[in-house]
Amino acid sequence: MMQNDMMNLFDYMNDQAREKDSPLALRLRPTSLDEVVGQEHILGEGKLLRRIIQADQLSSLIFYGPPGTGKTTLAQVIASTTKAEFRQINATAAGKKDMEEVVAEAKNIRALYGKKTILFIDEIHRFNKAQQDYLLPFVEDGTVILIGATTENPFFEVNRALISRSHIFQLKPLEKKDIATLIRRAVTDPERGMGMYNADMDGDAVEFLADVAGGDARRALSAVELAVLTTPRGEDGRIRITVPVAEECIQRRAVRYDKEGDNHYDVISAFIKSMRGSDPDAALYYLARMLTAGEDPKFIARRIMICAAEDVGLADPRAMQVAVAASEVLERVGMPEGRIPLALAASYVATAPKSNAAYLGIEKALEAVGTTDVKQVPPHLQGTGYQGASDLGKGIGYQYAHDFPGHYVKQQYLPDELVGTKFLEPGDNGYEREIKKYMEFLTHLV
């Protein structure tokens, strides 16, 4: 009995020491829903995940999102609030044997105590198909309730059978205000944070770290811990964390970039003008500057797509395809990998031949719509998809282009009031030159 008491004491002391020596980000993990910061789209009042956790009515869940957004944190919150047993494994180190042990234990717990077992698998996408398939019957019969966490899109990386039996929740990068809240909590909390060190962090330093963390709470908190532990005390005995200190600890220089002010518009303007001006080096510099400063990469992707349409246009229509593809890849892989398709698209648009013929064409057409009183669409072009249309003269005289040589026939398409107006005027750059030749060729066909 005495030996068991001693073992329990040693276990308790080891747990206490481990908790004290744990990284700040681990110590600050919430133990209840009320301590969770951010993810309001799934954890706000009345949202499904909050209701599931509060009611302790768990079914299998899969959390996915970028690193540092709280996937493991949510699992820990569930562990502290549920009446079920909680077991955790990491797919990078675990294998089938580890799962077999958890399943066997879960069966015993259910048989002896009537309790469910939650199995949390971190980085579940690292399991291969066979490993994921092994879990399926035990998820199906309720032996275990699966909670999977992944940085990859589960619809691509997790077996469909598991997906169909799980609620999928996407965690988003934390907003800047959420990161700032966690930083202030970390500096001042005397029990789990760094409050016992008597540290102060300048408001600018808080804003800087919250900005460059890119929605990754773990990264911001690691920088806070390093800053407090490595900064000498001042004459007043307190530690002061300034922007230069924060720069060193997160290894990122503070970039002058106000996302709400003139500098935001100056840099995005320079980025677009560099692509339009066929300077890929400048385009990549301004892209890097925006990404470093924490600009929304989706905003950047939209600007690249607009530039591809407005400034490259008909000179290389593939530029639009590249820009759209880059935006889709960004959506799927997230950051930081998303910087690569953004760089590819910006480089392609910058080095492509340029044409604004389509842009000028739609502007001229819009002006014509606003200034020209058009009575009707030419009758032969009017729709005939309803009974009695031909009796009204609709569609009569229309010539089907594919019935003629070259799949072209000359006929009136513009309204009477605009006959002869030119909206699209292709130039001689890139593929636009081929379009111009083709349009000139058509004028010589009878």
Side-chain angles (χ1 to χ4, degrees), residues 255-333 335-371 414 418 421-442:
V255 178
R256 182 176 173 269
Y257 188 86
D258 179 6
K259 287 190 282 186
E260 302 298 329
D262 289 344
N263 194 245
H264 159 81
Y265 296 104
D266 289 345
V267 175
I268 192 63
S269 175
F271 176 59
I272 293 167
K273 289 172 180 173
S274 297
M275 289 190 293
R276 180 185 298 143
S278 299
D279 189 332
D281 300 308
L284 288 173
Y285 167 76
Y286 290 117
L287 172 61
R289 183 166 174 173
M290 288 186 288
L291 292 175
T292 300
E295 181 62 84
D296 182 358
K298 294 179 183 177
F299 168 76
I300 299 172
R302 290 195 295 270
R303 302 314 302 179
I304 295 174
M305 287 188 283
I306 292 170
C307 190
E310 178 179 343
D311 297 306
V312 177
L314 295 176
D316 186 353
R318 291 171 299 183
M320 175 69 82
Q321 296 173 333
V322 172
V324 172
S327 179
E328 291 180 350
V329 172
L330 173 66
E331 288 278 356
R332 292 189 179 186
V333 306
M335 294 295 288
E337 289 83 358
R339 74 191 188 282
I340 303 169
L342 288 177
L344 187 155
S347 300
Y348 192 100
V349 170
T351 56
K354 303 299 188 292
S355 167
N356 65 347
Y359 166 69
L360 293 177
I362 188 60
E363 292 299 304
K364 290 164 66 177
L366 287 169
E367 182 181 0
V369 169
T371 58
L414 280 170
L418 293 171
T421 304
K422 294 291 184 183
F423 294 113
L424 180 66
E425 299 183 34
D428 296 312
N429 287 337
Y431 183 71
E432 185 182 32
R433 181 170 56 251
E434 301 302 316
I435 296 173
K436 183 178 181 180
K437 287 180 180 178
Y438 179 67
M439 298 304 293
E440 293 174 347
F441 166 73
L442 293 179

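Only this structure's heavy atoms are used, side chains among them; waters, hydrogens and symmetry mates stay out.
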Does the side chain of K298 reach to within under 4.5 Å of the side chain of E331, using non-hydrogen atoms? yes
Using every non-hydrogen atom in the two residues, find where S274 and A282 come nearest and quote the distance to one decimal. OG-CB, 3.4 Å
Using the side chain to side chain contact (heavy atoms under 4.5 Å, CB included) criterion, which residues pair with M335? Sequence neighbours excluded. L291, P297, L330, R339
Scan for salt bridge (Lys or Arg N to Asp or Glu O under 4.0 Å) pairs involving residues 343-355, sequence neighbours excluded, and state none if there are none. none
OG1 (T292) and OH (Y285) are apart, to the nearest 0.5 Å, by 9.0 Å
Mind checking side chain to side chain contact (heavy atoms under 4.5 Å, CB included) for A343 and listing every partner two or more places apart, or none if nothing turns up? L284, L287
Taking side chain to side chain contact (heavy atoms under 4.5 Å, CB included) as the definition, give me every residue that meets it alongside T421, ordered by chain and number, with sequence neighbours left out. L414, L418, F423
Of all pairs that satisfy side chain to side chain donor-acceptor pair (under 3.5 Å), the ones with a partner from residues 300-311, not counting sequence neighbours: R276-D311
Which heavy atom of P280 sits nearest a heavy atom of A350, and at what distance? CA-CB, 3.7 Å
List in chain and number order the residues that pass side chain to side chain donor-acceptor pair (under 3.5 Å) with K273, two or more places apart in sequence or in another chain; answer none if no residue qualifies. S269
Using a 4.5 Å cut-off on heavy atoms from C-beta on, say whether the side chain of F271 contacts that of I304. yes
Salt bridge (Lys or Arg N to Asp or Glu O under 4.0 Å) partners for D428, two or more places apart: K436
How long is the span from the OG1 atom in T351 to the CG atom in D279, to the nearest 0.5 Å? 11.0 Å
Extract all donor-acceptor atom pairs below 3.5 Å that involve side chains of residues 314-323 and protein atoms in other chains or at least two apart in sequence.
from: D316; atom 1: OD1; to: R318; atom 2: N; distance (Å): 3.1
from: D316; atom 1: OD1; to: R318; atom 2: NE; distance (Å): 3.1
from: D316; atom 1: OD2; to: Y348; atom 2: OH; distance (Å): 2.8

Using side chain to side chain contact (heavy atoms under 4.5 Å, CB included) as the criterion, list what pairs up with E434, not counting sequence neighbours. Y431, K437
Is there any salt bridge (Lys or Arg N to Asp or Glu O under 4.0 Å) pair reaching into residues 319-328, and which pairs are they, with sequence neighbours excluded? none
Filter on side chain to side chain donor-acceptor pair (under 3.5 Å), then keep only pairs touching residues 355-365, sequence neighbours left out; what's left? S355-E432, K364-E425
